[in-house]
Amino acid sequence: MAEIKLTTVTFKGTAQQEAELRKVLAEIKASEHPSVMTALQRAQGIYGYLPIEVQTIIADEMGVSLEEVFGVATFYSQFTLNPKGQYAFGVCLGTACYVKGSGDIVAKLQECLDLKDGETSADGKYSIASTRCVGCCGLAPVMTVNDEVYGRLTVKDVPGIVAKYRAMQ
Amino acid sequence: MALVNVKINNIPVQVEEGTTILEAARIAGIKIPTLCYLKDVNAIGACRVCVCEIKGARSLVAACVYPVNEGMEVFTNTKKVRDSRKATVELLLSNHNKDCLSCVRNNNCELQKLSLDLGCDSHKYEGVKSHSHIDGSTPYLIRDNSKCVLCRRCVAVCKEYQSVAVIGANGRGFDTHIACAFEKPLMQTSCVGCGQCIVACPVGALTEVDQTEEILKAIADPKKRVIAAPAPSVRVGLGEEFGFPIGTNVEGKMVAALRRMGFDDVFDVNLGADLTIMEEGAEFLNRLKNGGTLPMITSCSPAWIKFCEHNFPDLLDHLSTCKSPQQMFGAICKTYYAHKLNMDPADIVVVSVMPCTAKKFERGRAGQSAAGVPDIDYAITVRELARLIKRVGIIFEDLPDEEFDSPLGIYTGAGLIFGATGGVMEAALRNVYELATGKEAPSLDFKEVRGTAGIKEATYDVGGTQVKVCVVSGLANARKIMDLVRAGKADYHFIEVMSCPGGCVNGGGQPIRSAYERNNIDIKAKRAKALYDKDSQMKLRKSLDNPALKQIYKEFLGEPNSDIAHHVLHTHYVPRARH
């Protein structure tokens, strides 16, 4: 089975983010149908992911157990427990890219970054996420790093691209 | 409420509107098989084992959640229904670790029974199995997800009965598994160890940490003096493991079995319970007279203590400093009794038999080693004792009734009723009344605090002081009362808290009864009745009349709450994190 991937990245939430989260939670609690799912959605909007520090605040504020929050967070694939890396690698596994060999691309990328799909490096620099169709099938197979798009890739191209980002600050 | 007429398998029944098909069928004398359903706490229609056919409906419905309405015709036993149930259970079996021959739930497993009852082929579907994980992080419980059927009964009791809620379903679809938040080991959560999840589990996914072999090894060691001591409620649960009806008191046979197993002394934690009353009663009167923290709250139930430490760390001063009966008993064995025997306490092995899994945690706590060695060496459940009896080849049902050994096997009715909710309070009141007024209470039966209700209140005149008491069982109820205490809205003087609903007779270490029995029989009331019946027949019904304790105070402890009593019989608590 796919085990739940927990982050090893140190939490770097700011006081400002926490204040915003608490404000949002107060709104949700005052609403007609307060739900943990809404709280998680809004929290992910603030932090980009849902670490234990954030889920604990949600549990305490919403008056439910941490496990209840975690159960919802791990049920929906839209929620992520892992922050995106400073350089977020995305590999399209949509039909066209897949047929053109993006499965091999993602395998090579995992090897180069020593990370599994869905993980973020402990220093928070790199992350890998396989994605659905990114809408440029003509360039298949496609990989994205933040807003950069790399198309018509072969496995051989991957180490060079990784090296480029390793060289950046 | 309005009544509606329905037909179940053509049998007409009249039931209240809103009654589920499952309940209506039961009234019509028809049993519908269930798996995930547990009355009052888990009606979620998840397992699909209870499906039935409704005339005119397109698909099968889950009887445990589907309400009947006027004119409804239900069929519980058509071919379509039987085929569906069978396929459901066969699919469950396809992802089940069918290691039945070495599973402790063999012959007491609801999945096994369903498979047989429904005529399943256990190897009908072979395929990928979901990831299995074993959590053995605690000293009291093992969770083996390879046997889990995801019924969520454990999740429901943890949340609804106990308001602990540390387990739940993580992930989705085939990856769904029962675990804790952020996949933490149970030991790193605010789990209290009550074991209610174990007795709610239909299969062998949740079991206690079994110590039966260690006990046999200790008994076989000629250098060790091995003492057995069962808790009050054990004698009214154990018989069920040997086919006796629920609520049978098998004290005499239990003593005979322990003696035949080779224990050097067969003593009784009831004496520890009497001792608890001596100490706790004196502590209460002291707090009452001298402005101590009130309400004072009992400290016998180790899961309750841990719950309080996690959830109400600001209110720990309210807890009695008394050790639990188990720990007091062990402490006396390793101090007073060791001295009598002229033995090194390290050579004495005290095995308590408990209706409880949290006792396995309690025995390892700090501040539970009066003689420099743990007061209790092993705390085993009623189920483990039954396993031991079977393993050594004792024919339990044929045993004669025997008596406990002296001196630590002598007890009063007050100690005995500790096994039921309200028992500690009643035992305390019997003592406190006499200590405060110098005369025996007009009646030794404090009936207002008896019964299986989750929260009970009463006020008693104790020598001119109106003493208001509250008796709580089930930690969700305890949370309600503690919220009042925290808010300063609880004007009680004395509160008894037992973690398990109904008290120790319904503890997480008691024999496991099927959901069908739990749903239809008041098991805790039957077990409790056996305790009160025996108490009513006893000559000695107040802890202060226990002759063995009189001797122990005279020779060793002096007075209740003396310095030495504090050293040996009292303990302390620690604040713990909420999550």
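Every chain is numbered from 1, with letters handed out A, B, ... down the list of sequences. For the numbers below, each heavy atom of this structure counts, side chains included, while hydrogens, waters and symmetry mates do not.
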What pair of heavy atoms forms the shortest contact from B/Ala165 to A/Ser65, and how long is it?
-> O-OG, 3.0 Å
If you take all heavy atoms of A/Phe75 and B/Arg172, which pair is closest and at what distance?
-> O-CD, 2.9 Å
Hey, which of A/Ile52, A/Leu6, A/Val72, A/Val69 has the most heavy atom pairs under 4.5 Å with chain B?
-> A/Ile52
Does some side-chain heavy atom of A/Asp60 sit less than 4.5 Å from a side-chain heavy atom of B/His579?
-> yes
Does NZ in A/Lys84 sit with more than 12 non-hydrogen atoms of other residues, nucleotides or ligands closer than 6.0 Å?
-> no
Should we count CD of B/Glu126 as having more than 12 external heavy atoms under 6.0 Å?
-> yes
Contact summary for A/Leu66 and B/Ala181, nearest pair of heavy atoms = CG-CB, 3.6 Å
Sort by residue number and list every member of residues 93-117 of chain A having a non-hydrogen atom under 4.5 Å from chain B.
-> none
Which residue pairs satisfy the side-chain hydrogen bond (donor to acceptor under 3.5 Å, both in side chains) criterion with at least one member in residues 180-200 of chain B, sequence neighbours excluded?
-> B/Asn170-B/Glu183, B/His177-B/Glu183
Between CZ of B/Phe182 and CG of A/Leu50, what distance do you get to the nearest 0.5 Å?
-> 7.5 Å
